[in-house]
Chemist: 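Handing you a structure now.
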Amino acid sequence: MNSREILENLPHRYPFIMVDRMVELVPREHGIGLKNFTLNEAFFGGHFPGEPIVPGVLVIESLAQTAGLVWLARTDRAGKTPGSPAGAETAATSAITDGATAGGMAPRCFLAEIRALKFKRMITPGEQMTTHVRIMKSFGALAMFEVEARVGNEIVAQGELVMAQRQT
Amino acid sequence: MKQFIVRQLKLKIAPDQIGTDERLFGGSLGLDSIDALELVVGLEREFGITIPDQQSGLKVFQSVRTLSDFVAGELGKRGSVGK
């Protein structure tokens, strides 16, 4: 999923859109997002002056946005979901469109719980972070995700998040 | 089961403060749907027991008694097959 498709699937906008690209996406199962950190980001000026460090809460935000994309991504856009056959896409598409009322609000999900999150090392400007998320269990309007942030092959953060879906 | 619930949900009460037949959800414990998901995941991890859907979950989680009856039943089924 490229940036244009991300903007179509996520309601977030500047200064709060934390996923540049989806490298891998199996809707309702797992996905890998990607975010580049540049020295020019709005928050580095304040966090901290003279020592730019990516705030942990924004790593969580990026993981949560990736999770939201995995849970709610519409796959009816030119079949850009890697690895899924056309039949599966149609089924996934109707699951999403059935959830939205006619002329009503799009399905949206929210971060409901940060069950565990460990930051193994700090991330600094110039690094590229990948956000690996996998649904462990979903139950009603909730889904629990196993999440990992990596820079290259190194795990920089890991834990579990719960997302809650708004019905209509 | 009471210890499991207190531990899994990180409740700040002693296990024996939960009534065996007390309503777990919608009662005075103040548990919500996120807690329900935590219990579902906890059952899978600790006992290898899966709750198939929300409907079953609602029945199983009514009280400590319904929960422990369910767990005992599931473990009993497994015991007879030999593990």
Side-chain angles (χ1 to χ4, degrees), chain A residues 26-31 57 60-61 63-72 91-92 94-96 98-100 105 107-119 132-148 157-168, chain B residues 1-13 15 18 22-71 73-75 77-78:
Chain A
V26 180
R28 258 86 48 212
E29 282 183 37
H30 60 87
V57 289
I60 297 176
E61 179 61 29
L63 289 164
Q65 288 183 16
T66 308
L69 282 167
V70 166
W71 207 11
L72 291 183
S94 47
I96 284 294
D98 284 349
M105 295 197 279
R108 190 168 287 192
C109 61
F110 302 90
L111 183 57
E113 184 186 7
I114 299 169
R115 206 150 174 266
L117 218 312
K118 187 157 95 172
F119 299 101
H132 303 244
V133 307
R134 171 180 299 272
I135 296 190
M136 291 159 54
K137 188 80 191 175
S138 63
F139 199 67
L142 299 175
M144 191 177 291
F145 288 79
E146 210 167 53
V147 301
E148 230 174 60
Q158 68 187 152
E160 293 170 358
L161 301 177
V162 176
M163 304 294 290
Q165 206 178 117
R166 171 175 68 196
Q167 310 296 321
T168 73
Chain B
M1 272 300 119
K2 293 182 186 178
Q3 286 180 347
F4 165 76
I5 292 172
V6 167
R7 196 175 358 109
Q8 192 68 19
L9 302 182
K10 297 189 173 54
L11 298 180
K12 292 180 166 55
I13 56 175
I18 306 177
E22 180 185 338
R23 270 186 81 180
L24 287 178
F25 291 90
S28 58
L29 276 176
L31 303 186
D32 61 23
S33 52
I34 299 179
D35 297 311
L37 180 55
E38 302 253 11
L39 291 180
V40 169
V41 172
L43 285 177
E44 278 189 21
R45 285 183 168 161
E46 275 195 44
F47 302 100
I49 294 173
T50 308
I51 306 258
D53 54 44
Q54 222 185 356
Q55 294 293 84
S56 327
L58 286 173
K59 294 198 195 104
V60 167
F61 292 135
Q62 273 182 29
S63 67
V64 174
R65 191 183 300 281
T66 56
L67 179 55
S68 52
D69 286 348
F70 172 74
V71 172
E74 290 293 306
L75 294 179
K77 279 188 221 164
R78 204 172 303 157

Chemist: Determine which donor-acceptor pairs between chain A and chain B fall under 3.5 Å and list them with their distances.
Modeler:
from: A/Arg115; atom 1: NE; to: B/Glu38; atom 2: OE1; distance (Å): 2.5
from: A/Arg115; atom 1: NE; to: B/Glu38; atom 2: OE2; distance (Å): 3.4
from: A/Arg115; atom 1: NH2; to: B/Glu38; atom 2: OE1; distance (Å): 2.9
from: A/Lys137; atom 1: NZ; to: B/Glu44; atom 2: OE2; distance (Å): 2.8
from: A/Glu160; atom 1: OE2; to: B/Arg45; atom 2: NH2; distance (Å): 2.7

Chemist: Side chains of A/Phe145 and A/Val162: does their closest heavy-atom pair fall under 4.5 Å?
Modeler: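 No. Closest side-chain heavy atoms not under 4.5 Å.
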Chemist: When you compare the side chain of B/Leu31 with that of B/Leu11, does any pair of heavy atoms fall below 4.5 Å?
Modeler: yes
Chemist: Do the two ring centres, one from B/Phe4 and one from B/Phe47, sit under 6.0 Å apart?
Modeler: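 Yes, the ring of B/Phe4 comes within the 6.0 Å limit of the ring of B/Phe47, centre to centre.
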Chemist: Please report the shortest heavy-atom distance between A/Ala64 and A/Met163, naming the atom on each side.
Modeler: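 What the structure gives for the nearest pair is O-CE, 3.5 Å.
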Chemist: Decide yes or no for B/Leu24 and B/Ile5: does some side-chain heavy atom of the first lie under 4.5 Å from some side-chain heavy atom of the second?
Modeler: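 Touching, per the 4.5 Å side-chain cut-off.
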Chemist: Which answer fits A/Ala143, side chain, backbone, both or neither, if we ask what part of it has an atom under 4.5 Å from a heavy atom of chain B?
Modeler: backbone
Chemist: Got a sec, which residues hit salt bridge (Lys or Arg N to Asp or Glu O under 4.0 Å) with A/Glu148, two or more places apart in sequence or on another chain?
Modeler: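 If we apply the salt bridge (Lys or Arg N to Asp or Glu O under 4.0 Å) test to A/Glu148, skipping adjacent residues, the hits are A/Arg150.
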